[in-house]
Colleague: 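Quick one: the structure is below, and I'll ask about it shortly.
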Amino acid sequence: METHALIERLQPLAVDFAGNLLAALAILVIGRWLSRLAHRLTRHAMQRFEVDGLVERFAANVAKVLVLVAAALAAINQLGVQTASLIAMLGAAGLAVGLALQGSLANFAAGVLIMAFRPYRIGDYIEAAGVAGTVDDLQLFTTILNTPDNRRIVVPNGQVMNGTITNHTAHPTRRVDLTVGVDYSADAETVRRVLTELVAADRRILEAPDPFIRMTRHGDSAVEWTLRVWTTTDDQWAVYWDLVEGSKRRLDEAGIAIPYPQRAVHLYQHPPGD
């Protein structure tokens, strides 16, 4: 009889708990859906006002996390746990939590600084924290880079902000530098004319600033000429590779050799007895 009475007393509690548990799960499922919706709506709103892509991605990720946290607190409250007491307990343990998560908090703070100062934008090619790649996303704690050979690199924001950031695509134009070595017997004016015609024939090379074509060094095996031309950032590497190939072709056509590295060796024969 006592067991039957205990079961009768516990049955309403079990039913209530099961209902609360199902409600909490439903809150979590809905919260996850709302977090995705908040992410999309935030991005659409940012795009409508033409906000920078870096700020757009970061704000959308923050909105998503905030909705998830709110859903988790609502689910815990549905189970009968007083969220006010829980928050108070977390506040009392804030120092310990802060020490345990200081790396993550530093990365979050660095993400805020990146969003505020914007040393790079989505689509920029950068070098930072010892790696290089195109910026794909700025998340709460990390920056996502894609490399030219299609690798994905996840870099903590703190490491990015604590080091030197080189942004290769921040400006619309870039300078292309090329050194060409020619034989010492080559006529200087002929070399200058060949290289000038090579540069003038490439429409991707900008007229201003003026192209720089000068003899710059008497090397061990060759006379070195330096070409410095300006082009758009998108055309930088294509122009460089075409100048390398084009200089070889045009110098060959003009009968001007590009010498191999060489060294003169002098042999002396001493008479017997010296």
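Here the structure is a predicted model, which means the values were calculated and not measured.
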Colleague: Going through the checks in order, is the side-chain contact (heavy atoms from CB on, under 4.5 Å) test met by T232 and R204?
Modeller: CA-CA 8 Å; T232 62; R204 296 167 300 180; over 6 Å; no
Colleague: Which pairs pass ring-ring contact (aromatic ring centres under 6.0 Å, His included) with one or both residues in residues 197-225, sequence neighbours excluded?
Modeller: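 Applying ring-ring contact (aromatic ring centres under 6.0 Å, His included) to every pair that reaches into residues 197-225, excluding sequence neighbours, yields nothing.
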Colleague: For T134 and G123, work out which heavy atoms get closest and say how close.
Modeller: CG2-O, 3.5 Å
Colleague: Around atom CZ of R32, are there more than 12 heavy atoms from other residues, nucleotides or ligands closer than 6.0 Å?
Modeller: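 For R32, atom CZ is not crowded (no more than 12 foreign heavy atoms under 6.0 Å).
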Colleague: Going hydrophobic residue to hydrophobic residue with side-chain gaps under 4.5 angstrom, can you get from I144 over to I153?
Modeller: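 Different clusters: I144 never reaches I153 through Ile, Leu, Val, Met, Phe, Trp or Tyr contacts under 4.5 Å.
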Colleague: Same cluster or not: are L206 and I213 linked, directly or through other Ile, Leu, Val, Met, Phe, Trp or Tyr residues, by side-chain heavy atoms under 4.5 angstrom apart?
Modeller: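 Different hydrophobic clusters.
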Colleague: For E224, give me all partners under salt bridge (Lys or Arg N to Asp or Glu O under 4.0 Å), at least two apart in sequence or on another chain.
Modeller: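 Listed in chain order: R217.
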Colleague: Under a 3.5 Å cutoff, is there a donor and acceptor pairing between the side chains of D149 and T147?
Modeller: yes
Colleague: Find the distance between CE (M161) and CG (N107) and round it off to the nearest 0.5 Å.
Modeller: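 CG of N107 is found 11.5 Å from CE of M161.
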Colleague: If you compare all heavy atoms of T173 against all heavy atoms of T233, which two are closest, and at what distance to 0.1 Å?
Modeller: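 Reported closest heavy-atom pair: N-OG1, 3.4 Å.
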Colleague: Got a second to check how far I30's CD1 is from L25's CG, nearest 0.5 Å?
Modeller: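 If we round to the nearest 0.5 Å, I30:CD1 and L25:CG are 11.0 Å apart.
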Colleague: Test side-chain contact (heavy atoms from CB on, under 4.5 Å) on V180 and L251; report intermediate values, then the result.
Modeller: CA-CA 10 Å; V180 179; L251 290 172; 3.6 Å; yes
Colleague: Considering non-hydrogen atoms only, spot the tightest contact between E207 and D210 and give its length.
Modeller: O-OD1, 3.2 Å
Colleague: Counting distance only, does the side-chain N/O of N157 pair as donor-acceptor with the main-chain N or O of F108 below 3.5 Å?
Modeller: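 A pair under 3.5 Å: no.
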Colleague: For the CG atom of L243 and the CD1 atom of I205, what is their distance to the nearest 0.5 Å?
Modeller: 5.0 Å
Colleague: Decide whether L34 and L28 are clustered together by the hydrophobic rule: side chain heavy atoms of Ile, Leu, Val, Met, Phe, Trp, Tyr closer than 4.5 Å, transitively.
Modeller: no
Colleague: Enter the distance from I165:CD1 to I114:CD1 here, rounded to the nearest 0.5 Å.
Modeller: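 Between I165 CD1 and I114 CD1, I get 6.0 Å after rounding to 0.5 Å.
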Colleague: Membership question, hydrophobic clusters at under 4.5 Å side-chain separation (ILVMFWY): are V160 and V131 in the same one?
Modeller: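 Same cluster.
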Colleague: Just by modelled atom types, is the V154 backbone N or O under 3.5 Å from a matching donor or acceptor in the T142 side chain?
Modeller: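 Side chain of T142 to backbone of V154: no pair is present.
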Colleague: Show the atom names and distances, to 0.1 Å, of all donor-acceptor pairs under 3.5 Å that link a side chain in residues 59-76 to residues at least two apart or in another chain.
Modeller:
{"unit_1": "N61", "atom_1": "OD1", "unit_2": "H39", "atom_2": "NE2", "d": "3.4"}
{"unit_1": "N61", "atom_1": "ND2", "unit_2": "R57", "atom_2": "O", "d": "3.1"}
{"unit_1": "N61", "atom_1": "ND2", "unit_2": "L138", "atom_2": "O", "d": "3.2"}

Colleague: Shortest non-hydrogen contact from Q236 to T231?
Modeller: CA-CG2, 3.7 Å
Colleague: With ring-ring contact (aromatic ring centres under 6.0 Å, His included) as the rule and sequence neighbours excluded, what pairs involving residues 230-265 come up?
Modeller: W237-Y240, W237-W241
Colleague: Could I get the full list of side chain to side chain donor-acceptor pair (under 3.5 Å) partners for D124, not counting sequence neighbours?
Modeller: N167, T169
Colleague: Examine L22 and I27 and state if one hydrophobic cluster contains both, with Ile, Leu, Val, Met, Phe, Trp and Tyr joined whenever side-chain heavy atoms are less than 4.5 Å apart.
Modeller: no
Colleague: Report the distance from atom CD of E127 to atom OG1 of T164, rounding to the nearest 0.5 Å.
Modeller: 10.5 Å
Colleague: Would you mind listing every ring-ring contact (aromatic ring centres under 6.0 Å, His included) that reaches into residues 122-175, with sequence neighbours excluded?
Modeller: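 Of all non-adjacent pairs touching residues 122-175, those that pass ring-ring contact (aromatic ring centres under 6.0 Å, His included) are Y125-H168.
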Colleague: Mind checking the CG-CG spacing from L178 to L198? Nearest 0.5 Å is all I need.
Modeller: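 These two atoms lie 8.5 Å from each other.
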Colleague: Please find the pair of heavy atoms, one from V244 and one from S247, that lie closest to each other, and give the distance.
Modeller: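 Shortest heavy-atom contact: O-OG, 2.9 Å.
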Colleague: For the pair T226 (side chain) and R214 (backbone), establish whether a donor and an acceptor sit closer than 3.5 Å, ignoring hydrogens and angles.
Modeller: no
Colleague: For a quick test of reading the model, state the closest non-hydrogen atom pair linking D136 to I122 and the distance between them.
Modeller: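 Result for this residue pair: O-CD1, 3.8 Å.
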Colleague: Does a salt bridge link E253 with R249, judged by any charged N lying under 4.0 Å from a carboxylate O?
Modeller: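 The answer is no: the pair does not qualify as a salt bridge.
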Colleague: side-chain contact (heavy atoms from CB on, under 4.5 Å), that's the test. Do L145 and V135 meet it? Break it down for me.
Modeller: CA-CA 5 Å; L145 303 179; V135 180; 3.8 Å; yes
